[in-house]
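Residue numbers begin at 1 in each chain, while the letters A, B, ... track the order of the sequences. Atoms considered below: every heavy atom in the structure, side chains included; atoms not considered: hydrogens, waters and symmetry mates.
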Amino acid sequence: MPERALPAPEPGSSLQAVARQALRTRTRQAPRRTAGHRGCQGGHRLGQPDPLLRPRPVTGQGSAHRRGALRPRQRAGRGSGRVHGSKPEGRRMSDDSRNEAEQRRRKLGELRRRGEAYPNTFRREDLAVDLASAYGDMSKEALAEAGVEATVAGRVMLRRVMGKASFITLEDSSGRIQCYVRRDDVGEDAYADFRNLWDLGDIAGVRGTLMKTNTGELTVHARKVGLLVKSLKPLPEKHHGLADRELRYRQRHLDLIVNEESRQVFRTRARLVTAMRRFFDERGYLEVETPMMHPIPGGAAARPFVTHHNALDTDLYLRVAPELYLKRLVVGGFERVYEINRCFRNEGLSSRHNPEFTTVEFYQAFADYVDLMDLTEELLRELLRDIVGGTTLTFEGREIDFGPAIPRRRMTNAVATETGIAEDDLMSEARLGEVARGMNIPVEPGWGWGRLLLEIFEARVEANLIAPTFITHYPVEVSPLARKNAEYPRLTDRFELFVAGREIANGFSELNDPVEQAERFARQSELKDRGDLEAMHYDNDFLGALEHGMPPTAGEGIGVDRLTMLLTDSSTIRDVVLFPQLRGTGGDES
RNA sequence: GGGUCGUUAGCUCAGUCGGUAGAGCACCGGGCUUUUAACCCGUUGGUCCUGGGUUCGAGCCCCAGACGGCCCA
């Protein structure tokens, strides 16, 4: 919605504009259809014959007339604001003349009167980065000799007006390119428009020949210029950019326009996801999509969001994890599946937690958790090679090396090492309770040995696991879906991967014994009845699937956001999620 | 949830002891035909986050709240 009404156009020129527009639309669209450009949806379409500046096809008397009508008006407006103050247009303009947004609307109004406000007839042919790589190394003389044509378009990021000649810097999706706009080359009228109607932040198209400036910068020497989109709001300060973190999250579009580093983060994220897909596709995993809305939330210990289906008159839960559905698929015979998608957890926000976040979960029949640790190492090395081009990355000032084999340590061993308590002592529930209380961990009555161990681990060990480390053998009590370890019945064949003190991955040999799974669910139900909001539901439907027989399977989930954080050296998840959840600012409720 | 820091022009930020609210960029006017965050000259622009309170007087002090950053849980 526009923030306020646009100034009313003059009736006469408005009708002209409409007529011109209609004519243009008709004449343009017919040849375009027959030319068959529909499938070509890329950022820049090639091969439009002389597409430039269709907004002004009537170059003869029409445009001269229009401009003739405009220029005196502008002068009268400014002048009268001060000197006469009596002409109505003059008054309006002087009222607005100090407000940048109003200035921009005034300029848009002028474009609208001419029917040139938001054209979509310009076809870019060249991206900045392509020009730079093809011609950036040529000498000034060679380039002048070659007479290379270029047609570029992008947002006006910098502008240097020197009387009758100017430089502007356009930014497109690939990067920046400078353009040289000279009155004697583009014509007096076009140059006047360029000076009077263009602002930083507008989107413009430029056609001309490539040149090198005296200082060696590759530049499009403009022959034609056109304003394609009037931006009604000023850009943030051109040197410092947009620094306010809240504004960057709430107005991500602005952040992306101004901050190259921010754009880079999301490009990296996309490459990460692409590389993951390739990794799993190459290994015969089937990509699937399972429900986001669950009748019973399951697959993780977390509080769900609740919603309501009106036609079915039933509550549904946004999924906290896709696990139980992916396992159904393994039962169904898809022996390798993966899903990259969102999960939702109704918990607090922090630099590591957004209520919706992305994971890749994958399951492989006839594999165990050790196979998955091997696979995870392979995946991480491949991702690093593709994205950072090596085996090490820098995160929060520390080098993190994924080159060497990632150590695998039992949780009890890690806790013993970190706390100095003998591993044997850690096997006693009573002893663990004392230790936990000694650490000021608020121990709750329902906690058994396993939960105590996990709490101590999280309080004392987790944050110190900077170099990549697998922690293995999680307690059964806190792993209701994982297979029991054959040797130690209190433990499971489960691991989590920690990097930079953060949990990155969680995997285990799956519990595929439906009878034991039923017992585990029953135990979770008891906890839920005692008030544990994160305990799992008893999922009879899932048990029914297990009863048909799930092959021995291992499964794992990896946090895509957290991995992106590592790869982009971002210390908060909000920097790697395009539109992170923030508290509302009040809005329309009281 | 607790602690702590912050919120001033469109943006980036100053603001002394409580005494007329500032700079740079952007915008507006003027100059400038190879500039580089162009430059030079002249203007304009404020709900000092909100609401109370103290005071002759509050951007500044006190209280409450909103939003955000960081730390802790």
(message) Taking the P atom in each of B:C13 and B:A21, what is the distance between them to the nearest angstrom?
(response) 24 Å
(message) Going by salt bridge (charged side-chain N to carboxylate O under 4.0 Å, His left out), name the residues that satisfy it together with A:Glu434, two or more places apart in sequence or in a different chain.
(response) A:Arg431
(message) What's the gap between B:U8 and B:C49 when it is taken at their C1' atoms, as a whole Å value?
(response) 10 Å
(message) Could you check whether any side-chain heavy atom of A:Arg252 comes within less than 4.5 Å of a side-chain heavy atom of A:Leu254, counting everything from C-beta outward?
(response) no
(request) Quote, to the nearest angstrom, the C1' distance that separates B:G59 from B:G15. (result) 8 Å
(message) Suppose you measure atom C1' in B:C5 against the same atom in B:G42; what distance do you get, rounded to whole Å?
(response) 40 Å
(request) Send over the distance from A:Phe167 CZ to B:C32 P, rounded to a whole Å. (result) 17 Å
(message) Could you identify the nucleotide paired to B:C32, looking across every strand shown and requiring Watson-Crick or G-U wobble geometry with both distances under 3.5 Å?
(response) none
(request) Sort and list the pairs that fulfil side-chain hydrogen bond (donor to acceptor under 3.5 Å, both in side chains) and have at least one residue in residues 463-474 of chain A, not counting sequence neighbours. (result) A:Tyr369-A:His473, A:Glu418-A:Asn464, A:His473-A:Asn485, A:Tyr474-A:Glu496
(message) Of the options B:U33, B:C27, B:C32, whose atoms approach the side-chain atoms of A:Tyr180 most closely?
(response) B:U33
(message) Given 3.5 Å as the limit, does a donor-acceptor pair link the side chain of A:Glu347 with the main chain of A:Arg303, or not?
(response) yes
(message) Can you tell whether the side chains of A:Asp575 and A:Arg269 come within less than 4.0 Å, N to carboxylate O?
(response) no
(message) Without decimals, in angstroms, what is the distance between A:Leu197 CG and B:C27 C1'?
(response) 14 Å
(message) I'd like to compare against my own output: the B/S/- annotation of nucleotides 7-12 of chain B with a strict under-4.0 Å heavy-atom distance to protein.
(response) ---SBS
(request) For B:A26 and B:A38, measure between their P atoms and round to the nearest Å. (result) 7 Å
(request) Would you mind classifying the nucleic acid contact of A:Arg574 as base, sugar-phosphate or nothing, using non-hydrogen atoms under 4.0 angstrom? (result) sugar-phosphate
(request) Please give the nucleotide sitting opposite B:U4 as a Watson-Crick or G-U wobble pair, both distances under 3.5 Å, or none. (result) B:G69
(request) Under a 3.5 Å limit for both distances, which nucleotide forms a Watson-Crick or G-U wobble pair with B:C17, could you say? (result) none
(message) What's the gap between B:U44 and B:A23 when it is taken at their C1' atoms, as a whole Å value?
(response) 15 Å
(message) Taking the nucleotide of RNA chain B with the nearest heavy atom to each, does A:Arg195 or A:Gln581 sit closer to the 5' end?
(response) A:Arg195
(message) According to ring-ring contact (aromatic ring centres under 6.0 Å, His included), who are the partners of A:Phe498, at least two apart in sequence or on a separate chain?
(response) A:Phe457
(request) Provide the distance between the two P atoms, one in B:C17 and one in B:C61, to the nearest whole Å. (result) 11 Å
(request) Write down the distance between CG (A:Asn99) and P (B:G45), rounded to a whole number of angstrom. (result) 11 Å
(request) For A:Asn259 and A:Leu256, indicate whether the former's side chain and the latter's backbone hold a donor-acceptor pair under 3.5 Å. (result) no
(request) Nearest-nucleotide wise, let me know which of A:Leu349 and A:Thr213 is further upstream toward the 5' end of RNA chain B. (result) A:Thr213
(request) Grab the CG-C1' distance between A:Leu582 and B:G68 for me, whole Å please. (result) 9 Å
(message) Counting only side-chain heavy atoms from C-beta out, which of B:C67, B:C32, B:U35 sits nearest to A:Arg250?
(response) B:C67
(request) Would you tell me if any nitrogen or oxygen in the side chain of A:Lys238 comes within less than 4.0 Å of OP1 or OP2 on B:A38? (result) yes
(request) Using whole Å, report how far CZ of A:Arg159 lies from P of B:C28. (result) 8 Å
(message) It should be established whether A:Lys233 places a side-chain nitrogen or oxygen under 4.0 Å from OP1 or OP2 of nucleotide B:C27.
(response) no
(request) Specify the separation, in whole Å, of atom NZ of A:Lys212 and atom P of B:U35. (result) 16 Å
(message) Only pairs with both distances under 3.5 Å count, Watson-Crick or wobble alike; so what is the partner of B:U47 in this structure?
(response) none
(request) State whether A:Arg583 places a side-chain N or O below 4.0 Å from either non-bridging phosphate oxygen (OP1 or OP2) of B:G68. (result) yes
(request) Using the P atom on both, measure B:U34 against B:U20 and round to a whole Å. (result) 47 Å
(request) Under the salt bridge (charged side-chain N to carboxylate O under 4.0 Å, His left out) rule, collect the residues that match up with A:Glu534, sequence neighbours excluded. (result) none
(request) Give a yes or no on whether A:Arg263 atom CZ has more than 12 heavy-atom contacts from other residues, nucleotides or ligands under 6.0 Å away. (result) yes
(request) Name the nucleic acid region contacted by A:Arg352, choosing base, sugar-phosphate or nothing; use a 4.0 angstrom heavy-atom cut-off, strictly under. (result) nothing
(message) In this structure, how many angstroms lie between the P atom of B:C13 and the NE2 atom of A:His239, rounded?
(response) 12 Å
(request) Remember a base hit wins even if backbone is also touched, and classify A:Arg183 as base, sugar-phosphate or nothing at under 4.0 Å, heavy atoms. (result) base
(message) Determine whether a donor-acceptor pair (one donor, one acceptor, N or O, separation below 3.5 Å) exists between the side chain of A:Gln178 and the base of B:U35.
(response) yes
(request) Let me know the distance between CD of A:Glu246 and C1' of B:G69, rounded to the nearest Å. (result) 10 Å
(request) Assign A:Arg245 to base, sugar-phosphate, or nothing according to its heavy-atom contacts below 4.0 angstrom with the strands shown. (result) sugar-phosphate
(message) So, does A:Arg160 get its side chain near the phosphate of B:A38, meaning an N or O under 4.0 Å from OP1 or OP2?
(response) yes
(message) Classify A:Val258 by what it touches in the nucleic acid, base, sugar-phosphate, or nothing, heavy-atom distance under 4.0 Å.
(response) nothing
(message) Strictly by ring-ring contact (aromatic ring centres under 6.0 Å, His included), give each pair with a member in residues 194-252 of chain A just once, sequence neighbours left out.
(response) A:Tyr180-A:His221, A:Tyr191-A:Phe194, A:Phe194-A:Trp198
